[in-house]
Number of protein chains: 2
Amino acid sequence: MDNHGQQSVKCSHCAFKALCLPSGLDDASMEQLNSIIVRRRRVAKDEQLYRAGQAFGSMYAVHFGEFKTTQVNRRGALQVTGFLMAGELLGMDAIATGAHACDAVALEDSEVCEIPYSQLGPLIGRIPVLMQHFHRLMSQEILREQSVMLFLGNIRADQRMAMFLLSLGKRYAARGFSGSRYQLRMSREDIGAYLGLTIESVSRLLVKFRNNGWIKLQQREVELLDRTSLEALAAGVEADDIETSTPARTPVRKVKPIAPQPSRVIPIHAAVAA
Amino acid sequence: MDNHGQQSVKCSHCAFKALCLPSGLDDASMEQLNSIIVRRRRVAKDEQLYRAGQAFGSMYAVHFGEFKTTQVNRRGALQVTGFLMAGELLGMDAIATGAHACDAVALEDSEVCEIPYSQLGPLIGRIPVLMQHFHRLMSQEILREQSVMLFLGNIRADQRMAMFLLSLGKRYAARGFSGSRYQLRMSREDIGAYLGLTIESVSRLLVKFRNNGWIKLQQREVELLDRTSLEALAAGVEADDIETSTPARTPVRKVKPIAPQPSRVIPIHAAVAA
DNA sequence: CGTCCACTTGACTATAATCAAGGAGGGTGG
DNA sequence: CCACCCTCCTTGATTATAGTCAAGTGGACG
């Protein structure tokens with residue numbers, strides 16, 4: 001469900017086919033798949049690929065670039081429901097109602113492969129391995145959202161942020177990029193709208209992490225310096241109780257005499273995002 | 001994917017077939033479907049249908065009763081990720097990994113129809129309308145979780161609670177029960193673990209709603225008395241600014257001179273739960 | 001009649017939101 | 001090339017909200 005090739009659409013040559021296609025796909029099936037991908041489509045930064053309420057016709061595989069999905073309220077405020085990277089599939093939430101449930105906006109200049117759902121169905125029926133793969137992708141999306149539910153529900157802001165940074169790293173690593181040094185493609189505001197925090201809290205947390213020596217931060221460039229501490233935090237250990245392997249730049253005097261047992265619950269057993 | 005009948009498994013006679021089966025299913029297809037549902041299975045209250053980590057073999061349609069799905073952390077605290085009623089499908093999150101991601105626990109004595117996934121696949125391939133329906137169900141689950149994400153992220157506790165009560169009513173109504181008077185099948189603790197609140201907050205909120213005259217409450221018996229106010233609250237209007245149509249039992253003196261504009265964002269555009 | 005468990009209530013506190021100013025880049029136009 | 005602006009981000013002070021801790025109620029059930 002992704003493709004490469006400059007003129008013709010060829011999933012077989014795509015760098016990310018491992019992500020959106022099943023492994024045991026024979027040539028004939030691959031050819032059929034190529035034939036239904038009507039086109040690749042460029043989406044400029046900040047452009048909307050589709051909007052909430054629009055009739056659902058196609059799903060989109062991210063070919064390169066990055067997207068966010070958002071839902072708007074009547075006052076105009078946004079909640080970010082997901083960030084999508086190359087090889088991930090957009091539009092699965094629209095199958096239920098036949099209309100898109102969210103806006104999809106490019107965070108940078110991007111390209112997607114358009115897959116008409118009406119043609120995908122019959123093809124899936126004929127190619128079992130493709131069907132299974134498709135179900136797996138949908139199931140993965142369910143898992144991803146479950147894990148977001150978990151962390152939004154009961155988890156401190158600093159934990160959420162730690163999970164978020166680790167999760168991004170993991171996803172970049174899965175795509176062959178560095179998992180410990182990457183560029184945030186989204187604004188602080190987007191991060192806040194995703195994690196359920198205000199922009200000020202996001203800022204303060206990132207600064208705190210930097211001052212603790214856990215990350216390097218320069219604008220949107222992030223480097224994870226102390227994965228162990230971040231993971232401890234993500235797992236629910238209180239920030240003040242974490243011994244930073246790299247000593248804090250501003251070594252805050254510990255005032256607390258006795259560590260109270262961590263108050264909030266539910267670390268995450270799955271990755272924060274797909 | 002559901003069935004009725006006392007001895008033999010017959011989806012065609014099931015009271016909830018409209019929920020788990022597509023409408024345009026011919027007799028032959030129905031027969032095929034019946035044949036792969038290996039059995040109905042009784043699950044006693046508090047019994048686990050499956051546990052997180054267990055190998056995934058079958059999906060389960062709730063035939064009667066009610067379930068919760070939970071994920072556990074290492075300290076033993078639970079997060080509730082969903083409540084499931086008759087006609088809803090359990091186990092979609094396990095397709096991705098081949099292992100269940102959560103525990104499924106019966107909230108009361110219940111019964112499920114077991115559907116081996118290995119047999120469902122081929123059948124779906126042969127019956128397009130069934131495939132489409134199945135995809136719709138998965139998509140619906142994604143939508144449901146999106147809406148939970150939305151409300152966990154940015155919504156005040158009282159709004160969440162209002163949404164939750166309204167959503168339960170809607171779901172009971174869809175099943176032919178009263179949508180304004182029903183029994184909570186889950187404990188306050190479960191509600192809290194679902195809404196991301198402590199048990200104390202849940203209790204206080206329910207009492208507040210009752211004192212405002214919005215609901216009648218007696219143990220787990222709930223009656224929605226003032227749907228309008230609940231909906232206003234769910235939509236983001238501040239509780240103090242809502243004129244209760246039924247005057248509050250304890251008419252709290254309004255102190256606030258000027259209504260500040262509501263601070264939090266993101267009401268919900270979709271139902272709270274499936 | 002007593003015990004247990006789920007729930008309620010109260011007092012206090014921690015956490016992150018809100019309100020309000022400031023920087024710091026990155027781009028544009030003079 | 002520099003000045004200006006605009007957006008995005010940071011920082012500080014204060015406050016509201018829901019969490020925590022600690023005692024009770026009140027049914028259900030033996």
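Reckoned from all heavy atoms, side chains included, excluding hydrogens, waters and symmetry mates. To find a chain, count down the sequence lines: A is the first, B the second, and so on, and within it residues start at 1.
At a cut-off of 3.5 Å, with distance as the only test, no side-chain donor of B/Asp103 or B/Gln71 sits close to an acceptor on the other residue.
A close approach under 4.0 Å does not occur between any side-chain nitrogen or oxygen of B/Arg156 and OP1 or OP2 of D/dT17. Close to D/dG19, at under 4.0 Å from its OP1 or OP2, lies a side-chain N or O of B/Ser201. In terms of phosphate contacts, A/Thr198 brings a side-chain nitrogen or oxygen within less than 4.0 Å of OP1 or OP2 of C/dA17. A sub-4.0 Å separation between OP1 or OP2 of D/dG19 and a side-chain N or O of B/Arg204 is absent.
The two residues A/Leu195 and A/Met161 have their closest heavy-atom pair at CD1-CE, 3.9 Å.
Computed from coordinates, the A/Asn211 CG to D/dT10 C1' distance equals 12 Å when rounded to whole Å. Between B/Leu107 atom CG and C/dA6 atom P there is a gap of 13 Å when expressed in whole angstrom units. Atom pair A/Leu184:CG and D/dC9:C1' shows a separation of 13 Å (rounding to whole Å applied). Atom-to-atom, CD of B/Gln159 to C1' of D/dA16 comes out at 14 Å; the value is rounded to the nearest Å. Protein atom CD of B/Glu200 is 16 Å distant from nucleotide atom P of D/dG24, rounded to whole Å. Spacing between atom NZ of A/Lys45 and atom C1' of D/dT7 amounts to 11 Å, rounded to whole angstrom units. Atom pair A/Glu221:CD and C/dG25:P shows a separation of 15 Å (rounding to whole Å applied). Between the CE atom of A/Met161 and the P atom of C/dT15 there is a distance of 16 Å, given to the nearest Å.
Annotation: B/Tyr194 is in aromatic contact with B/Phe83 [ring centroid separation under 6.0 Å].
Listed candidates were C/dT9, D/dT10, C/dA6. Nearest to the side chain of A/Ser203 is D/dT10.
Among the atoms of the strands shown, only primed sugar atoms or phosphate atoms (P, OP1, OP2) are found under 4.0 Å from some heavy atom of A/Val207. Using a 4.0 Å heavy-atom distance criterion, A/Leu206 is classed as making no nucleic acid contact. Residue contacts shown for A/Ser187 are limited to sugar-phosphate atoms, with no base heavy atom under 4.0 Å away. As judged by a 4.0 angstrom heavy-atom cut-off over every strand, B/Gly196 is placed among residues touching the sugar-phosphate backbone only.
Distance check: B/Gln79 CD to B/Asp190 CG gives 11.0 Å after rounding to the nearest 0.5 Å.
In this structure, A/Gln219 and A/Leu197 both approach DNA chain C, and ranking their closest nucleotides by distance from the 5' end singles out A/Leu197.
B/Phe177 and B/Tyr172 have perpendicular rings, their planes meeting at more than 60° on a 0 to 90° scale where under 30° would count as parallel.
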